[in-house]
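Positions are given from 1 along the sequence. Side chains included, hydrogens not; waters and symmetry mates left out as well; all remaining heavy atoms used. Order of appearance sets the numbers: ligands from 1, and atoms from 1 within every ligand. Values in this document were obtained by computation on a predicted structure and should not be read as measured data.
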Amino acid sequence: MASSTSLHEYSYSNESAGIRTAVLDVETVGHNNPLPRTTTVTRSGPGAARNRNRNDNHPKLEEGVFLTWEDLWVTVVSKAKNENGSRSRSILQGVTGYARPGELLAIMGPSGCGKSTLLDALGGRLSSNTRKTGKILINGQKQALAYGTSAYVTQDDTLITTLTVSEAVYYSAQLQLPDSMAKAEKKERAEITIREMGLQDAMNTRIGGWGSKGLSGGQKRRVSICIELLTRPNLLFLDEPTSGLDSAASYYVMSRIANLDKTDGIPRTVITSIHQPSSEVFQLFDNLCLLSAGRTVYFGPASAANQFFSLCGFPCPTLQNPSDHFLKTINKDFEQDIEQGMVGRTPTEVAIDTLIKSYKASESYQQVQRQVAELSKQDFGEELEKRSHAGFLTQSFVLTRRSFMNMYRDRGYYWLRLAVYITIALGLGSIYQDLGHSYESIQARGSLIMFVSSFLTFMAIGGFPSFVEDMKVFERERLNGHYGVSSFVFANTFSSVPFLILISVIPGAITYYVAGLHKGFEHFFYFACVLFACMMLVESLMMIVASIVPNFLMGIIAGAGIQGLMILCGGFFRLPNNIPKPMWKFPLYYIAFHKYAYQGLFKNEFIGTTFPSSDQGGKTSSLSGEHILRDIWQVEMGYSKWVDLAILVGMILLYRVLFLVIIKATEKVKIIGTTLLAMPFNNPSMQAFVNPSSPPVHGGKL
Ligand SMILES: Nc1ncnc2c1ncn2[C@@H]1O[C@H](COP(=O)(O)OP(=O)(O)OP(=O)(O)O)[C@@H](O)[C@H]1O
């Protein structure tokens, strides 16, 4: 295959409404079928029709979002060295491009070439182990994409599996659309969006997940898109929106996205990564960014890409989908045999190099540079506007209802736990049945109280997998600015209250009355309140863990470890006066909520009662409950059991505030961390140091 084509001029212009023309001026060297020096390709079809009335050379600068990126490098630093002896790997290597309002930019390339990374870099979502250099401007300004200024459909569908399609979209509409919008209007917007994505027949189908089949993969994908389209965002990122869709569905979904401006006349900037577009879908793209191993193979009008490949010596065979041809030409993942004389380079690697060199030599490349420079110079004056949302109260109320609905429908969230708690309560009741007031019952009451306040509450840890799922949904929605952190924490706190009351009252009553603990409703009420407070505390603790360690196994181990230490130092296994001081008593004994639970429940059980003392030499005397508390259990008697309960309630508030602070702080740390970590890499010489494979100078601006 000829590989020595050089491309000297490559440009495009609009000739007339609806038809875009690419003009190429090339000189081919050593090609078997030399192309004419000037070739013209015309584009028609859905994409061209969409472009009517758009002046590409003079875009309406006052409308929509202009995004430019220049010499963008993204590097990951790993602990292990690679074969070059370097710890860093460049995922994106000096990528430059732009996205304009009213245009659909498609990012294509083989799997692992850096499509999602480019989207993440542009959307401000790179993970913390990556380093970014280069200049990304939004409307000519260096500004962060604040929560709620853009929408991003991620590659994974993180949805609440128990909701139906219409519920998921309508709840989202209530959260995202402003309070000033009438409920009926929000409902209508949700329905229109569902229909736009062709989901009208699945409106009442539950999304479904593990163990409960609901929507298909492609339908879930469309629900994710629906949710992000509700506010008609001005800047929209989509990571493989058509994966799992058949070709007809892909076309309809992409054409709805491409024609979003038809609904209100506001031009949208849409950037999407996509794997296998059909030729019809391909025609919807305005611009195409073709990547191979993080390098740009082509950036320019999608309609001219075919011509570019032909001119470089890789013409698309007749009747073959151009996008299939592009990807096949630049995918080297499955190339096994190295041709003789290639000295380690496969034919595809040679082809990729040819395409990259040709692109860099083309007028199209120059045009991208000019366009980026022009847009970078523009002063658009204002920062990107945040979308207006529902207020705190509406968001808190809607989130609480949604979360309650999820807990109610998910049998594993609380119902299974309630059944297990009832079973254990029956077990406890039968083992401790009718304790009576013998001397031995003192120890039995103590161990029963310890079991209830430690083990029964410890079991709340079983909800952790659900908490992790909740955090995933929160993270997706938060990153897209659907609601505030405070609303989430509020909803997360209050939605579980009815279930925890059920668990405290039913199994609590079985245990309490079958064992025959201190008679009187006030005593049972206190017992149930402490059980409720302890479970609330364990759940609060596990939510904090889930926000720091979003991994089932690690989170459960961490949560169990923390609770294990608290139980150990709570004052039962080792009496308070005997706990070694520096580390265990101060501070762990005072921090452990088990201390207050044990002491409150002991006071509740023993104060006002009497027990016979052990029979010593045939004489029996009686022991007062107060004496037992002071001398046997070493309970602090200076304050009432209600103070212990109040401390537990205070701890719940503290844990919840801590949860909120940690989420907010993590967000801040991520932003500051990414900025700080990127700093040394702004220096071009530093870049060359961390990335020996990079060219000596590539700008390195940020
Ligand atoms: N945070 C990260 N840490 C380590 N490696 C990463 C990170 N992000 C991306 N990579 C690596 O960078 C490469 C490109 O990843 P990316 O997800 O951008 O590819 P992609 O083109 O979107 O792939 P696909 O089409 O399969 O989704 C992959 O090899 C991936 O493992």
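- The ligand atoms of ligand 1 that sit less than 4.0 angstrom from a heavy atom of Gly114 are 14 (C), 18 (O), 19 (O), 20 (P), 21 (O).
- Tested against Leu118 for a side-chain contact (heavy atoms from CB on, under 4.5 Å), the candidates Asp239, Leu72, Thr296, Ile91 yield a single pass: Leu72.
- Less than 4.0 angstrom separates some heavy atom of Ser116 from each of these atoms of ligand 1: 17 (O), 18 (O), 20 (P), 22 (O), 27 (O).
- Short contacts between ligand 1 and Gln155, defined as distances under 4.0 Å to a heavy atom of the residue, involve ligand atoms 27 (O).
- Ionic pairing of Glu349 and Arg295 is not present here: no N-O contact between side-chain nitrogen and carboxylate oxygen is shorter than 4.0 angstrom.
- Between atom CD of residue Glu477 and atom CD1 of residue Ile227 there is a gap of 7.0 Å, rounded to the nearest 0.5 Å.
- Relative to the ring axis of Tyr152, Arg125 places its NZ or CZ within 45° and under 6.0 Å from the centre.
- Remark: minimum distance from atom 31 (O) of ligand 1 to any protein heavy atom is reached at Arg89 NH2, 3.9 Å.
- Taking the six-membered ring for Trp, Phe66 and Tyr98 have ring centres at least 6.0 Å apart.
- Here is the list of ligand 1 atoms found below 4.0 Å of a heavy atom in Ser127: 1 (N).
- Contact atoms of ligand 1 toward Ile91: 6 (C), 7 (C), 8 (N), 9 (C), 10 (N), 11 (C), 12 (O), 13 (C), 14 (C) (distance under 4.0 Å to a heavy atom of the residue).
- At a heavy-atom distance under 4.0 Å, atoms from both the backbone and the side chain of Cys113 approach ligand 1.
- Going from atom CG of Leu311 over to atom OG of Ser358 covers 9.0 Å, rounded to the nearest 0.5 Å.
- Of the N or O atoms in Val76, none lie within a sub-3.5 Å distance of an N or O in ligand 1.
- Below 4.0 Å from some heavy atom of Thr117 lie the following atoms of ligand 1, by number and element: 9 (C), 15 (O), 16 (P), 18 (O).
- Distances from atom 21 (O) of ligand 1 to the heavy atoms of His275, Glu240, Lys115, Met108 put Lys115 nearest.
- Using a 4.5 Å cut-off on side-chain heavy atoms (C-beta onward), Pro233 and Thr231 make contact.
- Atom 13 (C) of ligand 1 has as its closest protein heavy atom Gly112 O, 3.6 Å.
- Only one option out of Asp156, Asp157, Asp246 pairs with Arg221 in a salt bridge (Lys or Arg N to Asp or Glu O under 4.0 Å); it is Asp157.
- Thr75 has its side chain out of reach of Arg89: every pair of non-hydrogen atoms, C-beta onward, lies at least 4.5 Å apart.
- Using a 4.0 Å cut-off between heavy atoms, Asn129 contacts ligand 1 through its side chain alone, with no backbone atom that close.
- When non-hydrogen atoms are compared, ligand 1 lies under 4.0 Å from the side chain of Thr130 (C-beta onward) but not from its backbone.
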